[in-house]
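Remarks on the structure that follows.
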Amino acid sequence: VVGSVRGVKGAGPVVPRTQQGGDARDGRLLRPPVRTMTGATRHDSPSRNPQEFWEGRYRDAERVGSGRPNPGLVNAVQHLAPGKALDLGCGEGADAIWLANQGWIVTGVDISATATARARREAQRQQASAATRFVTADLARWEPDDGPYDLVTASFLHSPVPLPRIAILQRAAATVRAGGHLVLLSHAAPPPWVDAADHPAHSFPSPARQFVELNLNEHDWLVLSIQTHTRHATAPSGEAAGLTDGVLLLQRRDEPVTG
């Protein structure tokens, strides 16, 4: 969808729509974004070391994610020709393995050694090991090492502990080759079962705001889609609830626009 969004030149319209199905890592309701949403645990201290925080979160749970690919990612990339991909904050590998099974060669990066070990085991189980590589690294310091990429994706890369998210995404965006794509999935609003005061607005930016914050050169990038989706979920109480997710799909132009 290519049209116009107020404040975002060349962007597609913000289209709210309902999306059934669980999050790929509904787990990602236990991963970066939602680890902040499901109630405090002994790990939920903003002062904790990021590696200790995320390693503890994965180590103390038999499984964090659902094992299913994120529907938002599937919808965004299912029509793209496979190539080389980078999955930032890959967790237990559901998205990366799904991509590999579609023909992509994928590098997944996560700060938790437990998460990446599970991802490797699952890739082996699905016979996707040859097409996947899982790296244990802090994205705040890690430099992409096998680009350029045809696809860079980050699904719900949020954190209650320090995370230079925009800098990470900008660095990764620079590794997208001409004609390649950048897909960002995020929580665009806090969940209805928490007090919004506990989650500042800047923690849940809209897709349009994310595009502005990324400060990418508009001559180099084409905005293919900026959307929000209402996803059905289950609150900790067991009640049905709706979560607002954002999807930002960008393509690096083959030739920069001049003038």
Side-chain angles (χ1 to χ4, degrees), residues 1-3 8 10-13 15 17 19 21 23-25 28 67-110 119-120 122-135 143-157 168-186 207 210-211 214 216-227 229 245-257:
V1 182
V2 180
V8 182
V15 182
R17 64 181 178 88
Q19 176 175 301
D23 197 339
R25 312 155 213 195
R28 293 267 191 180
R68 299 186 300 273
N70 193 301
L73 176 68
V74 173
N75 291 339
V77 309
Q78 61 185 340
H79 300 301
L80 301 182
K84 184 185 292 186
L86 172 64
D87 184 11
L88 301 171
C90 66
E92 293 159 323
D95 283 355
I97 294 169
W98 178 84
L99 286 168
N101 287 333
Q102 310 310 305
W104 296 82
I105 303 299
V106 191
T107 294
V109 185
D110 201 280
R120 293 186 197 99
E122 182 61 19
Q124 184 174 24
R125 188 187 72 82
Q126 295 192 34
Q127 300 183 338
S129 295
T132 55
R133 179 175 74 114
F134 292 101
V135 178
E143 294 285 344
D145 57 4
D146 64 343
Y149 304 98
D150 300 287
L151 172 67
V152 170
T153 180
S155 298
F156 306 111
L157 187 66
I168 290 168
L169 296 176
Q170 288 173 330
R171 187 162 60 241
T175 69
V176 176
R177 71 170 76 248
H181 295 78
L182 176 65
V183 181
L184 305 181
L185 276 62
S186 61
Q210 288 188 78
F211 179 75
L214 285 172
L216 299 175
N217 189 327
E218 65 180 36
H219 299 303
D220 294 333
W221 292 90
L222 178 65
V223 180
L224 299 182
S225 181
I226 293 183
Q227 297 184 337
H229 305 289
D245 295 341
V247 180
L248 177 61
L249 173 60
L250 308 177
Q251 182 178 27
R252 184 181 285 277
R253 299 178 188 272
D254 289 318
E255 295 290 339
V257 176

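Along the sequence shown, residues carry numbers from 1.
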Of all heavy-atom pairs linking A96 and F134, the shortest is CB-CE2, 3.7 Å
When rounded to the nearest 0.5 Å, the distance separating CG of L184 from OG1 of T153 is 7.5 Å
d(D87 CG, D110 CG) to nearest 0.5 Å is 9.0 Å
Tightest non-hydrogen contact, residues W104 and P82, listed as CE2-CA, 3.5 Å
Quiz item: Do P144 and R171 come within less than 4.5 Å of each other through their side chains, counting heavy atoms only?
Solution: yes
Closest non-hydrogen contact found for I97 with A119 is CD1-O, 3.7 Å
Closest heavy-atom pair, T132 versus A123, reported as atoms and distance to 0.1 Å, is OG1-CB, 3.5 Å
Please determine whether side-chain contact (heavy atoms from CB on, under 4.5 Å) holds for the pair H181 and V176, giving the CA-CA distance in whole Å, both sets of side-chain angles, and the decisive distance to 0.1 Å. CA-CA 7 Å; H181 295 78; V176 176; 5.8 Å; no
Taken to the nearest 0.5 Å, the spacing of Y149 OH from L86 CG works out to 4.5 Å
*Student check: side-chain heavy atoms of L185 and D245 closer than 4.5 Å*: no
So, does Q170 use its side chain to make a donor-acceptor pair with the main chain of L214 at under 3.5 Å? yes
Minimal heavy-atom distance between A76 and L249, with the atoms involved, is O-CD2, 4.0 Å
Tightest non-hydrogen contact, residues P69 and V74, listed as CB-CG2, 3.9 Å
Exercise. Without hydrogens or angle criteria, can the side chains of D146 and T107 be said to hold a donor-acceptor pair below 3.5 Å?
Worked result: yes
* Any chance you could lay out the side-chain hydrogen bond (donor to acceptor under 3.5 Å, both in side chains) test for D95 and S155, step after step, and finish with the verdict? => CA-CA 9 Å; D95 283 355; S155 298; 3.0 Å; yes
Interatomic distance, CG@L151 vs CG@L99, rounded to 0.5 Å, equals 6.0 Å
One should read off an interatomic distance between R120 CZ and R133 CZ, to the nearest 0.5 angstrom, of 10.0 Å
I'd like to check Q102 versus V77 (side-chain heavy atoms, cut-off strictly below 4.5 Å). Are they in contact?
no
| message | For the backbone of G179 and the side chain of Q251, can you confirm whether one donor and one acceptor N or O come within less than 3.5 Å of each other? | response | yes
The reported gap from CH2 in W98 to CD in Q78 (rounded to nearest 0.5 angstrom) is 6.5 Å
message: Can a donor-acceptor pair be found, under 3.5 Å and without considering hydrogens, that links the side chain of D150 to the backbone of G180?
response: no
